Amino acid sequence: MGGKPFYITTTLPYVNASPHMGHALEFVQADTLARARRAQGDEVFFSTGTDEHGQKIFEAAQRAGQSVQDYVDHYATEFQKLGAALDLSNDAFIRTTDPAHIKAAENIWRRCEAGGDIYKKTYAGLYCVGCESFKTEKECEGGKCPLHPNAELKEISEENYFFKFSNYQERLLAYLEQPNVITPEWRRIEAINFVKGGLEDFSISREASRLSWGIPTPDDESQVMYVWFDALTNYISTLGWPKDVEGNFQKFWTDGQTLQVAGKDQVRFQSLMWQAMLMSADIKNTDTVFYHGFITSGGQKMSKSLGNVINPLDLVEKYGTDAVRYILLRHVSPTEDSDLTLDAVHEYYTAHLTNGLGNLIARVMKLAETHLEPSDIARMETPHVRVDAMDDFQFNKAMDFIWEHVTGLDEYIASEKPFAVVKDEPEQGKEMILSCIKQLHAIATMLAPFMPQTSEKILAAIKENKKPENLFPRKE
RNA sequence: CGCGGGGUGGAGCAGUAGUAGCUCGUUAGGCUCAUAACCUAAAGGUCGCAGGUGCAAUUCCUGCCCCCGCAACCA
């Protein structure tokens, strides 16, 4: 029943700050999709990693008084920790400082260059010394940088390599004609409108003298690649492109189905720039990019100054891996911005996991443990229920569907009272309890991609015919 | 007239041209298998404002108000 090999990747977090809830959301969504495909029998390659080059990282390392390498190593570890805490099933963890990735970035550069899409020109812009970066005119207020109104904006001109984005307007529009290339649909419209507005070539390198932490451009040591040109290449370098000694690139990218998961601010990078790069390098385009929304807290962006930051690792520590996955998948909209507060997290946990699923597992398994024999379990047929909502990235709808079964089973027990029937009519009661177990089994199976550890614990409990330890202990 | 998303009972969200649903919270019952859990019922909304089209609009159209993102080299 397996389909094409399935490739899925997250964007690579930029390692200039610690992991936040947005990263956790993207990771968990991607992991759930990967697990769901594996459960369908598809061969899956799930990749994630870290983006480690660029000026900001260089500066952040200096501020932290660390060598850049130590600094990026530290953050790569942080993200790997989060991945482990969320029980990600990724097959690869790519770092853009990996030698193989650097080779790949050089290679795609050469291919774009061979295609005539890379050229050198002088870039003149207003440079804010305070920000250490160029400002567009729109960003400036009254000729001053809004962040550093006292610093003089300097007109700096610099020779950089540019990518002929403008060459790809028609081909990008043709690509965007395909309804599935972007989800949700309205972001595809957004992308089309943007392309129709005209595309400007963009600079893909910086002078090495100003920015040392990057991949040198091939054949020109005086320049380094601008970080995202390098970073975007990760989606194929992680598969072993270009050498492809293991054949993963051919299997998963060329012959497989490809899906990228990204934040809603990424449309231009993932669906336009990256796709144009692929066209230039004569590599197949991404089949689908799914864009999720952002998580706010208390109606505002999470920020350290507001003090409303929710740290995903803290949350996992307090509530557990599957509880965090549950909240991100069910109580966060897949594509719209969603609000999450610690109070809300606590409420969802208590209401649906402690009182809901956890209690249901306990009451059903207690009945089974008391009244059923292992032989009853062994002869049980286990139904499989398909979760349709997953076809459309509707994680929350899929979870709602599963929870209808949870509630339904609670209702069944309350109205049919198997615990009472079994006292007077043991055989009939046992059959009723067995049907409860079947339902619980179905719930556990459906839950597997979303809450893998919970799913396994339920299935193990059913198999052993033993009430498990409290899966979701009450929290203060 | 820059682009997009949103304004629905106390809170958070669904939803549809024709008795407005869900989760949490509140109140009253019930049950006792279970984690003081679970089940049932009730209270609570002029579905942002004003017009328009329709037999009928929260749902379609127009205008306005308010909130939130984005506005290209930002990884």
Side-chain angles (χ1 to χ4, degrees), chain A residues 11-16 50-57 96 123 125 131 133-136 138-139 160 162-163 165 184 186-187 189-190 193-194 197-206 214 226-232 234 263-269 272-273 293-294 296 299-301 330-333 335-341 343-344 346-348 350-371 396-397 400 403-404 406-407 409-423 429 432-433 436 467 469-474:
Chain A
T11 50
L12 300 192
Y14 197 53
V15 294
N16 62 347
T50 41
D51 178 7
E52 305 184 356
H53 286 126
Q55 182 72 2
K56 284 190 181 179
I57 285 169
T96 58
Y123 177 71
C131 299
S133 66
F134 284 100
K135 295 282 154 189
T136 62
K138 286 181 203 163
E139 283 175 319
N160 291 145
F162 275 71
F163 178 79
F165 200 30
W186 79 81
R187 297 224 180 274
I189 306 297
E190 222 176 270
N193 287 338
F194 182 80
L199 301 178
E200 287 175 26
D201 296 348
F202 48 81
S203 125
I204 54 174
S205 74
R206 286 290 186 265
Y226 199 60
V227 54
W228 59 259
F229 187 92
D230 137 31
L232 288 168
N234 94 82
K264 66 174 188 180
D265 59 336
Q266 291 287 313
V267 177
R268 274 172 213 157
F269 293 101
L272 303 182
M273 293 179 179
F294 288 164
T296 57
Q300 293 174 293
K301 265 187 172 173
R330 188 174 187 209
H331 297 287
V332 168
S333 164
T335 53
E336 306 281 345
D337 288 358
S338 301
D339 203 70
L340 211 54
T341 59
D343 285 346
H346 191 266
E347 175 191 311
Y348 297 141
T350 302
H352 303 291
L353 295 179
T354 302
N355 296 347
L357 182 62
N359 180 60
L360 179 71
I361 293 164
R363 72 193 300 206
V364 170
M365 288 315 302
K366 176 67 177 180
L367 284 172
E369 186 181 304
T370 309
H371 301 289
N396 53 352
K397 291 274 168 36
D400 285 348
W403 249 259
E404 281 173 25
V406 172
T407 306
L409 190 45
D410 266 330
E411 288 169 7
Y412 173 83
I413 295 170
S415 66
E416 302 305 318
K417 301 183 177 19
F419 51 84
V421 173
V422 77
K423 288 174 186 163
M432 292 169 81
I433 293 167
C436 291
K467 179 183 158 187
E469 291 305 299
N470 191 345
L471 266 46
F472 303 103
R474 206 162 292 279

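Here is how names work: the chains are called A, B, and so on, in the same order as the sequence lines, proteins then strands, and each is numbered from 1. Predicted model only: the values in this text are computed from it and were never measured.
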Practice prompt. Could you check how far CD1 of A:I433 sits from P of B:rC33, rounded to whole Å?
Written response: 11 Å
Item to complete: Write down the distance separating the P atoms in B:rA43 and B:rG5, rounded off to the nearest Å.
Response: 37 Å
Item to complete: Could you check if a side-chain atom of A:V364 sits within less than 4.5 angstrom of a side-chain atom of A:I413, using non-hydrogen atoms only?
Response: yes
Discussion item. What is the separation between atom CD on A:E416 and atom C1' on B:rC31, rounded to the nearest whole Å?
Written reply: 14 Å
Item to complete: Evaluate the side-chain proximity of A:N355 to A:T350: yes if any heavy-atom separation is below 4.5 Å, no if none is.
Response: yes
Worksheet item: Roughly how far apart, to the nearest Å, are B:rA14 and B:rU23 at atom C1'?
Response: 10 Å
Response to the item:
Closest to the 5' end of RNA chain B, once A:E411 and A:L367 are matched to their nearest nucleotides, is A:L367
Discussion item. Any base atoms under 4.0 Å from A:G214, or only sugar-phosphate, or nothing? Heavy atoms, all strands.
Written reply: nothing
Item to complete: Quickly work out the A:N355 CG to B:rU35 P distance and round it to whole Å.
Response: 12 Å
Practice prompt. Using the P atom on both, measure B:rA41 against B:rC3 and round to a whole Å.
Written response: 48 Å
Worksheet item: Across the strands shown, which category fits A:K417 at heavy-atom distances under 4.0 angstrom: base, sugar-phosphate, nothing?
Response: nothing
Fill in: Between B:rC24 (P) and A:W403 (CH2): distance, integer Å
13 Å
Discussion item. Do A:M432 and A:Y412 make a side-chain contact, defined as non-hydrogen atoms from C-beta onward lying under 4.5 Å apart?
Written reply: yes
Worksheet item: Within the structure, does a side-chain N or O atom of A:Y226 lie under 4.0 Å from either OP1 or OP2 of B:rC74?
Response: yes
Worksheet item: Is the distance from OP1 or OP2 of B:rC33 to the nearest side-chain N or O of A:K423 less than 4.0 Å?
Response: yes
Discussion item. Give me the distance, rounded to whole Å, that separates B:rA37 from B:rA28 when you measure between the P atoms they each carry.
Written reply: 16 Å
Fill in: Qualifying residues under salt bridge (charged side-chain N to carboxylate O under 4.0 Å, His left out), relative to A:R330, sequence neighbours excluded
A:D400
Worksheet item: In whole Å, what separates the P atom of B:rG12 from that of B:rA17?
Response: 26 Å
Practice prompt. Counting Watson-Crick and G-U wobble pairs whose two distances are both under 3.5 Å, find the runs of 3 or more in a row that involve RNA chain B.
Written response: B:2-7 with B:65-70, B:10-13 with B:21-24, B:26-30 with B:38-42, B:48-52 with B:60-64
Worksheet item: Does A:V406 reach the side chain of A:H352, with side-chain heavy atoms less than 4.5 Å apart?
Response: no
Worksheet item: Nearest-Å distance, CG (A:L199) to C1' (B:rA71)?
Response: 15 Å
Discussion item. Under 4.0 Å, heavy atoms only, any strand: does A:E52 hit a base, just the sugar-phosphate, or nothing?
Written reply: nothing
Practice prompt. Provide, to the nearest angstrom, the distance between the OH atom belonging to A:Y412 and the C1' atom belonging to B:rC39.
Written response: 15 Å
Worksheet entry | Heavy-atom check, side chain of A:D51 versus side chain of A:N234, under 4.5 Å | no
For nucleotides 2-11 of chain B, which of its nitrogen or oxygen atoms have a protein nitrogen or oxygen under 3.5 Å away, and what is each distance?
unit_1	atom_1	unit_2	atom_2	d
B:rG5	O2'	A:E336	OE1	2.7

Discussion item. Under 4.0 Å, counting only non-hydrogen atoms across every strand here, what does A:F194 touch: a base, just sugar-phosphate, or nothing?
Written reply: base
Worksheet item: Roughly how far, to the nearest 0.5 Å, is the OG1 atom of A:T335 from the CG atom of A:N396?
Response: 8.0 Å
Worksheet item: With under 30° as parallel and over 60° as perpendicular, where do the rings of A:Y226 and A:W228 fit, or are they tilted in between?
Response: perpendicular
Worksheet item: Which of the following nucleotides, B:rC39, B:rC68, B:rU35, is nearest to the side chain of A:K467?
Response: B:rU35
Practice prompt. Quote, to the nearest angstrom, the P distance that separates B:rU59 from B:rU8.
Written response: 14 Å
Worksheet item: Do the rings of A:Y348 and A:H331 sit parallel, tilted or perpendicular, given the 30° and 60° boundaries?
Response: parallel
Worksheet item: Taking syn as any angle within 90 degrees of 0 and anti as the rest, which one fits B:rG54?
Response: syn
Worksheet item: Nearest of B:rC68, B:rU35, B:rC24 to any side-chain atom of A:A362?
Response: B:rU35
Worksheet item: Distance between the C1' atoms of B:rG25 and B:rC67, in whole angstroms?
Response: 25 Å
Worksheet item: Which part of the nucleic acid, if any, lies within contact of A:G358, taking any heavy atom under 4.0 Å across all strands shown: a base, the sugar-phosphate backbone alone, or nothing?
Response: base
Discussion item. Let me spell it out: for each of A:Y14 and A:R268, pick the nucleotide of RNA chain B with the closest heavy atom. Which residue's pick is nearer the 5' end?
Written reply: A:R268
Worksheet entry | Same-atom distance (P) from B:rG6 to B:rU16, integer angstrom | 12 Å
Worksheet item: Does the side chain of A:F194 reach to within under 4.5 Å of the side chain of A:E190, using non-hydrogen atoms?
Response: no
Fill in: Distance-minimising heavy-atom pair for A:A231 and A:T96
CA-CG2, 4.1 Å
Item to complete: Rounded to the nearest angstrom, tell me the gap between atom CZ in A:F229 and atom P in B:rC74.
Response: 16 Å
Worksheet item: Is A:A344 touching bases, backbone alone, or none of the nucleic acid, heavy atoms closer than 4.0 Å?
Response: nothing
Practice prompt. May I ask whether A:F419 stacks on the base of B:rC33, given the cut-offs of 5.5 Å between ring centres and 30° between planes?
Written response: yes
Worksheet item: Checking all strands, does A:H331 fall into the base, sugar-phosphate, or nothing category for heavy-atom contacts under 4.0 angstrom?
Response: nothing
Worksheet item: Is there side-chain contact between A:L357 and A:W403, with heavy atoms separated by less than 4.5 Å?
Response: yes
Discussion item. Nearest whole Å is fine: how far is B:rG21 C1' from A:E404 CD?
Written reply: 12 Å
Worksheet entry | Nucleotide of B:rU35, B:rU23, B:rC73 approaching A:H352 most closely (side-chain heavy atoms) | B:rU23
Worksheet entry | Closest to the A:K397 side chain, choosing from B:rU23, B:rA72, B:rG15 | B:rG15
